[in-house]
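Here's the structure we're looking at; comments come further down.
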Amino acid sequence: MAFELPKLPYAYDALEPHIDTRTMEIHHSKHHAGYTNNLNAAIAGTDIEEQSIENILANISKQAVAVRNNGGGFFNHDLFWQVMSPKGGGKPSGSLLAAIEKDFGSFDSFKEEFSKAAATRFGSGWAWLVKQSNGKLVVSSTPNQDNPLMDLAEVKGTPILGLDVWEHAYYLKFQNKRPDYISEFWNVINWEEVAKRFQD
Amino acid sequence: MIHELPELPYALNELEPSISQKTLEFHYGKHHQAYVTNLNNLIKGTAFEKAGLEEIVRHSEGGIFNNGAQVYNHTFYFMALSPNGGGEPKGALANAITETFGSFAAFKEEFSKAGATLFGSGWVWLVADSHNKLRIMKKNNAGNPITDGMTPILTMDVWEHAYYLDTQNARPKYIENFWNLVNWKVIEERYDEL
Ligand SMILES: [Fe+2]
Ligand SMILES: [Fe+2]
């Protein structure tokens with residue numbers, strides 16, 4: 001069974017003016033499609049061909065580097081599209097908000113910590129909000145296409161929010177100003193989707 | 001010492017159409033400049049305050065290494081580009097390339113492939129080892145082959161910021177254009193100094 005490029009849950013121009021149409025189109029139809037195709041090529045004819053992506057990532061240290069890079073890229077971008085929405089922004093509510101306040105002190109201090117993790121990731125990578133196995137929420141960041149589901153991640157757990165800070169995610173609109181892109185991200189976060197992942 | 005952004009031996013529009021003026025305005029004017037500024041701020045009050053750039057690359061780590069190596073790498077990259085670049089090297093370097101890689105075309109192909117397959121951000125290098133033997137190396141992020149005991153001769157930036165405004169996801173197109181700009185005279189001099 002080959003992995004398929006997931007459809008975006010909204011149109012390429014839906015996140016304007018925060019994330020521009022051209023970036024979304026290239027990011028999804030070229031970068032994400034590339035990871036998907038390369039993942040399929042990397043697992044074709046191997047004993048993990050039929051496994052779920054979560055399973056593959058959980059044992060990634062046993063796999064070839066092409067599976068790590070492209071399996072990560074396939075999963076991460078899928079999560080990324082889903083935790084954004086044209087109706088996003090604002091704050092979470094209910095038990096997710098309560099957990100954020102318990103583990104970070106306040107929503108604003110969480111926001112600051114997450115933004116800092118995204119801004120200071122040197123080179124290409126991701127910032128994450130991670131639910132650890134004991135239920136505690138933490139912020140982490142990973143290089144390249146690694147993620148917290150991977151057995152080799154420094155901070156392991158379930159990623160419930162992720163921000164792509166590869167330059168391809170923002171360069172056409174923001175160029176060297178990664179912090180401006182990070183600020184815009186807060187306007188499109190789909191907190192309902194993040195809450196769903198928190199409860200699962 | 002205070003580190004400075006080097007003056008480029010060409011105007012920012014002169015590498016067109018291979019590299020656009022807009023790309024250079026950001027790459028040189030913003031990214032390279034920011035690494036210089038960050039480095040100068042970070043070394044204040046540290047053991048590296050008076051160190052030269054190569055010593056910083058060799059011995060530092062963390063933020064000082066990242067910014068110091070990025071200053072070194074970008075200067076090394078920009079100073080070896082030219083509007084009149086391209087073609088093939090001559091003399092001793094040409095002979096060494098043929099001896100190591102079989103032909104200039106084979107070297108170019110191997111170097112280009114290294115650039116296309118480096119995952120994430122980084123640099124591709126042509127280096128000489130301690131026996132002056134040539135080899136190609138991929139280094140992630142701010143990586144620099146001096147830390148492996150190698151002498152760098154040629155480098156190509158494959159961070160996305162080096163090409164995204166011009167060729168977006170098509171990194172191989174940027175790599176193809178890069179060969180039009182390589183100033184082999186500078187590269188030959190670096191090799192002759194080994
Ligand atoms: Fe991406
Ligand atoms: Fe660069």
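Owing to the predicted nature of the structure, the values given are computational and were not obtained by experimental measurement. Heavy atoms only: backbone and side chains are in, while hydrogens, waters and symmetry mates are out. Lettering of chains follows the sequences in order, A, B, ..., and the numbering in each one begins at 1.
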> Is chain A contacted by the side chain of B/Ala142, its backbone, both, or neither, given a heavy-atom distance below 4.5 Å?
Replying inline: both
> Under a single-linkage definition using a 4.5 Å side-chain heavy-atom cutoff for Ile, Leu, Val, Met, Phe, Trp and Tyr, are B/Tyr28 and B/Phe76 assigned to the same hydrophobic cluster?
Replying inline: yes
> At a heavy-atom separation under 4.5 Å, does A/His31 approach chain B through its side chain, its backbone, both, or neither?
Replying inline: side chain
>> Once rounded to the nearest 0.5 Å, what's the spacing between atom CZ of A/Phe122 and atom CG of B/Asn140?
In response: 11.0 Å
> In the single-linkage hydrophobic clustering (I, L, V, M, F, W, Y; side-chain heavy atoms under 4.5 Å), do B/Ile43 and B/Met1 co-cluster?
Replying inline: no
>> Is any side-chain heavy atom of A/Gln175 closer than 4.5 Å to one of B/Glu25?
In response: no
>> Once rounded to the nearest 0.5 Å, what's the spacing between atom CZ of A/Arg121 and atom CG of B/Asn141?
In response: 8.0 Å
>> Rounded to the nearest 0.5 Å, what separates atom NZ in A/Lys177 from atom CZ in B/Phe26?
In response: 5.0 Å
> Above 12 or not: heavy atoms from other molecules or residues under 6.0 Å from NZ of A/Lys173?
Replying inline: yes
> Are more than 12 heavy atoms from other residues, nucleotides or ligands located less than 6.0 Å from atom NZ of B/Lys138?
Replying inline: yes
> Would a hydrophobic clustering, with Ile, Leu, Val, Met, Phe, Trp and Tyr connected at side-chain separations under 4.5 Å, put B/Val186 with B/Ile19?
Replying inline: no
> Given the rule that I, L, V, M, F, W and Y join up when any side-chain heavy atoms are under 4.5 Å apart, are A/Trp81 and A/Leu5 in one cluster?
Replying inline: no
> Considering all heavy atoms of both residues, which atom of A/Ser124 and which atom of B/Ser121 are nearest to each other, and what is their separation?
Replying inline: OG-OG, 2.7 Å
> For the atom pair OH (B/Tyr164) and CD1 (A/Ile26), what is the distance rounded to the nearest 0.5 Å?
Replying inline: 5.0 Å
>> Hydrophobic clusters here meaning ILVMFWY residues chained together by side-chain heavy-atom distances under 4.5 Å, can you tell me if B/Ile146 and B/Met150 are in one?
In response: yes
> Given that the side chain runs from C-beta out, which part of B/Gln70 has a heavy atom under 4.5 Å from chain A: side chain, backbone, both or neither?
Replying inline: side chain
> Does a sphere of radius 6.0 Å around CD in B/Gln33 hold more than 12 heavy atoms from other residues, nucleotides or ligands, not counting ones at 6.0 Å or beyond?
Replying inline: yes
> What part of B/His161 lies closer than 4.5 angstrom to a heavy atom of chain A: side chain, backbone, both or neither?
Replying inline: both
>> Could you measure the distance from the CZ atom of B/Phe119 to the CG atom of A/Asn144? Nearest 0.5 Å is fine.
In response: 6.0 Å
> About how many Å separate NE2 of B/His32 and CG of A/Asn176, when rounded to the nearest 0.5 Å?
Replying inline: 14.0 Å
